[in-house]
Engineer: 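Quick one: structure below, then a few questions.
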There are 2 protein chains.
Amino acid sequence: MGREPIEDSDAFVTEVCWHYYVNEMTQADVARHMGVTRLRVNQAIQTAKSLGFVKIQIESPFLPRVELQENLKEALGLQRVVIGPANEADYDYHKAVGAALAALLAERLAAGGWTSLGVSWGLTLDAAIRKLTRQSHPGLEVLSILGGTAEGSTLNSFGIASGFANVLGASFSVLTAPIYLSEGIDRDLFLSQYALKEHFEKLKSLDAVLLTCSNVSEKSFLVEHGLPHELTPETLIEAGAIGDVLGQFLDRDGASVSEAVDNRTVGMPLDQVLAVPEKIMAAAGPHKVEIIKAACKRGLVDTLVTDDVTARLLLEDKSVQSSAAE
Amino acid sequence: MGREPIEDSDAFVTEVCWHYYVNEMTQADVARHMGVTRLRVNQAIQTAKSLGFVKIQIESPFLPRVELQENLKEALGLQRVVIGPANEADYDYHKAVGAALAALLAERLAAGGWTSLGVSWGLTLDAAIRKLTRQSHPGLEVLSILGGTAEGSTLNSFGIASGFANVLGASFSVLTAPIYLSEGIDRDLFLSQYALKEHFEKLKSLDAVLLTCSNVSEKSFLVEHGLPHELTPETLIEAGAIGDVLGQFLDRDGASVSEAVDNRTVGMPLDQVLAVPEKIMAAAGPHKVEIIKAACKRGLVDTLVTDDVTARLLLEDKSVQSSAAE
DNA sequence: TGGCAACACATACATATGAATAATTACACT
DNA sequence: AGTGTAATTATTCATATGTATGTGTTGCCA
């Protein structure tokens with residue numbers, strides 16, 4: 001019905017970006033040269049940026065917050081903290097943390113040594129995938145470590161594992177299950193299925209894991225879309241839950257609040273996560289300060305990737321706690 | 001006398017760029033947030049770009065010219081051709097070729113297998129260094145394969161070898177000699193010096209070489225600054241020279257025009273280059289069409305890195321020659 | 001053939017960036 | 001304290017980019 005839309009080919013978009021960024025031509029120049037309208041050029045550039053065809057790499061990205069990183073590392077007793085400065089006026093921590101995580105991953109992968117990488121899922125990890133520049137690690141396997149939900153395909157279990165594998169030139173293995181089993185299903189029996197059994201076997205020898213965490217609110221995709229009907233945020237909060245890591249809810253000291261919930265979770269048990277040589281937690285936002293601390297207390301974090309806003313809150317919180325303890 | 005200039009720290013420049021590119025803030029927003037003038041922000045971004053603190057990476061950069069690449073590959077009988085589209089209105093092939101070479105190197109290095117890389121020198125290779133994103137290849141050694149000149153330090157022997165080594169996280173070894181020996185100096189005796197002898201020994205087992213070429217004109221830095229007094233462009237042209245590779249002058253069939261000159265050259269002999277498993281030639285510009293062809297005829301090129309303007313000229317030239325041969 | 005829907009192009013406008021210029025500040029010297 | 005010099009900030013202007021709107025084109029259907 002009516003006119004068919006012209007679909008800009010990848011080659012077209014790529015050439016536009018080449019001229020604009022490499023040859024430093026204005027959009028009007030590019031349009032003239034390629035015989036199209038400036039509007040087309042402008043939109044091609046925006047498309048390329050949003051799809052990750054064009055990526056910006058910044059040298060020494062953690063340099064601006066060296067001191068804050070060091071302070072927070074000491075305060076939380078971690079091995080490393082990397083911080084990306086956030087835009088405070090229009091706060092969106094996914095951008096800063098996603099980019100910081102991408103930079104960290106590029107660095108860690110360049111150092112070599114990883115053959116298996118367990119990945120959680122969420123908006124932050126999705127943002128990191130978009131920021132990662134294409135690499136080739138054929139010896140690396142990306143494995144999802146938490147079941148998925150029906151909605152939100154790109155930021156979910158399959159989308160994240162395949163996304164990382166794609167941009168890293170690695171293989172991947174997806175956990176093909178929902179986050180939580182229905183009441184009455186035997187977890188061990190469910191996990192004894194061939195494909196799942198093999199997957200969980202591999203999780204026993206991961207080189208590194210990428211974790212995220214959420215508080216117990218509608219802000220959390222998992223809480224909003226992943227919980228079974230009988231499990232409400234209210235009951236979790238009543239049980240002492242302040243947030244979750246891999247669908248397992250923790251209190252402020254990092255202890256699990258419900259063995260019953262944990263036993264219904266199709267994901268890597270947190271006690272198993274503890275044994276992974278390199279545990280990377282990517283999380284930010286004032287609403288996540290408590291759960292970040294709880295995860296650190298539990299020992300789930302070797303390297304924390306966050307933004308400066310959150311880092312300052314974490315530090316404030318730690319000094320308030322130190323005062324209260326005296 | 002007067003005011004002392006404030007030197008913007010690397011951390012400052014980096015944070016400015018982070019906010020601008022990662023958080024997608026306007027320059028005015030960044031200035032407000034960081035408590036500086038917008039002019040400072042604008043200048044910091046420009047500084048970062050020119051110093052290589054900020055780099056743009058484009059996905060599948062050779063996609064726009066797939067067909068032209070294939071056509072030229074067949075026409076020249078090469079293993080591979082990679083082409084970066086140039087800005088024809090304001091022609092500067094260093095940008096396009098430098099970026100294309102950087103992309104190729106990133107790809108080839110990601111594939112692994114290189115432990116030694118011989119590098120010539122010049123503006124194009126300098127441009128590639130600036131475009132390369134930071135990598136870590138501790139097992140790679142970069143070796144210069146041509147002596148240097150007194151002027152032009154960053155684009156010269158030392159600057160190029162160290163520049164590549166630095167951005168690639170590799171070690172390097174410089175050929176500490178002028179391009180041409182003075183008349184009367186015995187080449188074998190000169191090269192038998194310990195440091196040089198060791199260096200040339202390594203050149204016998206290079207995994208790959210980065211070559212450039214020039215025509216015989218004042219456009220060539222080597223011709224303008226590197227030739228001994230008694231050797232003039234005119235005499236070289238009379239001897240049939242159309243250009244040089246590694247300071248060794250070739251005629252249009254790729255044969256050396258002067259054994260006397262070649263014997264005075266402190267660089268990798270071209271017959272030795274022939275044995276290198278991967279020979280990459282990065283060159284562009286209408287004035288280089290003849291010498292590019294001659295180098296290909298000589299067998300010095302496995303992979304050609306050039307721009308679309310030059311590629312079309314090379315193809316035209318080949319079809320004109322095919323017609324003439326009939 | 002005319003009418004309609006959808007899309008692309010052409011044009012206009014708002015905002016951001018790049019560059020230039022004027023005013024202010026910091027510093028050294030007398 | 002006054003003066004001169006140099007740099008930075010504040011302001012202005014030119015150009016480029018992002019966005020919105022009006023017009024023309026294409027394709028389909030009755």
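Owing to the predicted nature of the structure, the values given are computational and were not obtained by experimental measurement. Lettering of chains follows the sequences in order, A, B, ..., and the numbering in each one begins at 1.
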Engineer: Is B:Asn42 near enough to C:dT17 that one of its side-chain N or O atoms lies under 4.0 angstrom from OP1 or OP2?
Structural biologist: no

Engineer: Specify the separation, in whole Å, of atom CZ of B:Arg32 and atom P of C:dT15.
Structural biologist: 13 Å

Engineer: Could you tell me how far apart A:Met25 (CE) and D:dT17 (P) are, to the nearest whole angstrom?
Structural biologist: 11 Å

Engineer: Under the side chain to side chain contact (heavy atoms under 4.5 Å, CB included) rule, collect the residues that match up with B:Ala128, sequence neighbours excluded.
Structural biologist: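 B:Leu101, B:Phe164.
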
Engineer: Classify the side-chain pair B:Tyr20/B:Asp29 by whether it contains a donor and acceptor separated by less than 3.5 Å.
Structural biologist: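 No, no side-chain donor-acceptor contact under 3.5 Å.
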
Engineer: When the ring planes of A:His33 and A:His19 are compared, do they come out parallel, tilted or perpendicular, using 30° and 60° as the limits?
Structural biologist: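 If you compare the ring of A:His33 with that of A:His19, the planes turn out perpendicular.
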
Engineer: Are the side chain of B:Lys288 and the backbone N or O of B:Gly285 linked by a donor-acceptor pair below 3.5 Å?
Structural biologist: no

Engineer: With a 4.0 Å cut-off on N to O distance, would you call B:Glu15 and A:Arg65 a salt bridge?
Structural biologist: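 The answer is yes: the pair qualifies as a salt bridge.
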
Engineer: Does the protein touch nucleotides 7-13 of chain D at the base, only the backbone, or not at all? Give it as B, S and - per nucleotide, heavy atoms under 4.0 Å.
Structural biologist: BSBB-B-

Engineer: Within the structure, does a side-chain N or O atom of B:Gln46 lie under 4.0 Å from either OP1 or OP2 of C:dT17?
Structural biologist: no

Engineer: Check B:Glu67 with B:Lys73, please: is the shortest side-chain N to carboxylate O separation under 4.0 Å?
Structural biologist: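 Judged by the 4.0 Å cut-off on N to carboxylate O distance, B:Lys73 and B:Glu67 do not form a salt bridge.
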
Engineer: Given atom CD of A:Glu24 and atom P of D:dT15, what is their separation to the nearest angstrom?
Structural biologist: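 Spelled out: CD on A:Glu24 to P on D:dT15 is 19 Å.
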
Engineer: Consider the side chain of B:Tyr20, meaning its heavy atoms from C-beta on, and name the nucleotide among C:dT17, D:dT19, C:dA19 that approaches it most closely.
Structural biologist: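 Looking only at heavy atoms from C-beta outward on B:Tyr20, the closest nucleotide is C:dT17.
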
